[in-house]
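These numbers come from a predicted model, not from an experiment. We count ligands from 1, going down the list as the structure has it; atoms in each ligand are counted the same way. Side chains are part of it too, since the values below use all heavy atoms of this structure and drop only hydrogens, waters and symmetry mates.
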Amino acid sequence: MKEVVLSGIRPTGFLHLGNYFGAMRNYVRMQDEYNCYFFVADWHSLTTHPDTKELKNSVLRVVAENIACGLDPEKVALYVQSDVKEIAELYLYLNMMAYVGELEKTPTFKDKVRQNPDNVNAGLLTYPVLMAADILVHRAVKVPVGKDQEQHVELARKFAERFNYRYGDLFPAPQAFNYGTQLVKIMSLDGNGKMSKSENQMATLYLADEDDAIRKKIMKAKTDSGPTEPNSQKPDYIENLFTLMNLVSTPDVVQHYETAFNGCAIRYGDLKKQLAEDMVNFMSPIRQKAADLQANKELLAKIMKAGAEKARASASETLKLVRQATGVNYF
Ligand code: ATP
Ligand code: MG
């Protein structure tokens, strides 16, 4: 039997290269080998984005952009979180497996409290519990995510272990997954934090950005006057440009700039121009395909419905087992 894979993306804005390289690229590679569930995390977005005016558009865009990146809705279950009510039920059970202290200590929670002190809601605190429910509702073992989600997957594993200890072995242990040796983090181009839907928007490359916007953002990326000693270590913002180059440029181009860097002969203006052109070539077909799909609302609705059906079949099976295991079933 194929191993079960789960991952989700919040409909909080435009998808970006961090989402692509941290998550979606892995989804596309995994779809043949694994039994995959990928979802749009609309409930999760309410923890930080309570205004729902843009929600529907964002949900449709996330679905369209995933397909434009190569996801095949025939091969995977591509669905919206709120269409699978079993997730909310499992979330309730798992809340009893999570300690308030450990949730309060989660770095992402502390960050969000700092950013948004006026809306420290309980949903924000229990975000990792809902994420654990997303994963465990399909009894998934591999969770393709970026580096920023690693600790959340670890918490999901803890909650699963506690459940198993109390009620009997039901959940396999989920692991964060990336095809490379480590999880990916694409920094924002100004060197401040990661590329993100909700933050660092001027220094994030969005899949929907027009060619000129891509060029402009890359040309403005943070650099410095270059290394003064051969074979120096790269500052993280320079490393990030090389990471991006590795993702979209040919190996000989990357090698050329590596050699220039190591020999203290690098001209960052040239590197950025090259990176900008390679990036445009990489991104523009995705943007066009996503725009076509977004115009076809009927097709998107059909895909989301079919995805929800597949997801519910798996989720209701798990909830049956959960009710049996906990004894919360009376006839
Ligand atoms: P938000 O700012 O609204 O939280 P986000 O950009 O962090 O949006 P999420 O929906 O939270 O996106 O995450 C979707 C997936 O993309 C997750 O697997 C996450 O780990 C990954 N991801 C997000 N940003 C990056 C990044 N800069 N580099 C690598 N992976 C990333
Ligand atoms: Mg995020």
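Contact annotation for V145 and ligand 1: heavy atoms of both the backbone and the side chain come within less than 4.0 Å of the ligand.
For the pair E199 and ligand 1, no heavy-atom separation below 4.0 Å is found. Look at H16 and you'll find a heavy atom under 4.0 Å from some atom of ligand 1.
In this structure, a donor-acceptor pair under 3.5 Å is present between the side chains of D278 and Q274. Counting only N and O atoms by type, the side chains of T326 and Y93 include no donor and acceptor under 3.5 Å apart. There is a side-chain donor-acceptor pair under 3.5 Å between T48 and R10. For S314 and H138, the side-chain atoms include at least one donor-acceptor pair closer than 3.5 Å. For Y91 and D134, the side-chain atoms include no donor-acceptor pair closer than 3.5 Å. Side-chain atoms of N26 and N178 include a donor-acceptor pair closer than 3.5 Å.
With ligand atoms numbered from 1 in the order given, ligand 1 contributes 10 (O), 14 (C) to contacts under 4.0 Å with heavy atoms of I9. Near T12, meaning under 4.0 Å from one of its heavy atoms, ligand 1 places the atoms 1 (P), 3 (O), 8 (O). Of all atoms in ligand 1, numbered sequentially from 1 with element shown, those under 4.0 Å from a heavy atom of K185 are 28 (N), 29 (C).
Ranking the protein heavy atoms by distance from atom 31 (C) of ligand 1 puts G18 O, 3.4 Å first. The nearest protein atom to atom 17 (C) of ligand 1, hydrogens excluded, is given as Q149 CG, 4.0 Å; this is a heavy-atom distance. In this structure, the protein non-hydrogen atom closest to atom 10 (O) of ligand 1 is K197 NZ, 2.6 Å. Ranking the protein heavy atoms by distance from atom 1 (P) of ligand 1 puts S198 OG, 3.2 Å first.
Taking the ring axis of Y34 as reference, the NZ or CZ atom of K2 does not stay both within 45° of it and closer than 6.0 Å to the ring centre. By the 6.0 Å and 45° rule, K310 does not stack over the aromatic ring of Y79.
For ligand 1, the polar-atom distance check finds an N/O of S196 within less than 3.5 Å of one of the ligand's N/O atoms. Taking distance alone, with nitrogen or oxygen atoms compared against 3.5 Å, M187 stays at or beyond that limit from ligand 1. At least one N/O-N/O distance between G146 and ligand 1 falls below 3.5 Å. For ligand 1, the polar-atom distance check against D148 finds a nitrogen or oxygen pair separated by under 3.5 Å. Residue Y27 has no N or O atom closer than 3.5 Å to an N or O atom of ligand 1.
Here K185 does not pair with D148 in a salt bridge; the nearest charged N to carboxylate O distance is not below 4.0 Å. Salt bridge absent: E161 and R166 never bring a charged side-chain N and a carboxylate O closer than 4.0 Å.
Nearest to atom 7 (O) of ligand 1 by heavy-atom distance, out of K194, R10, H44, is K194. If you check each of I186, N19, T204 against atom 23 (C) of ligand 1, the one with the closest non-hydrogen atom is N19.
Relative orientation of the Y206 and H16 rings is perpendicular, given thresholds of 30° and 60° on the angle between their planes.
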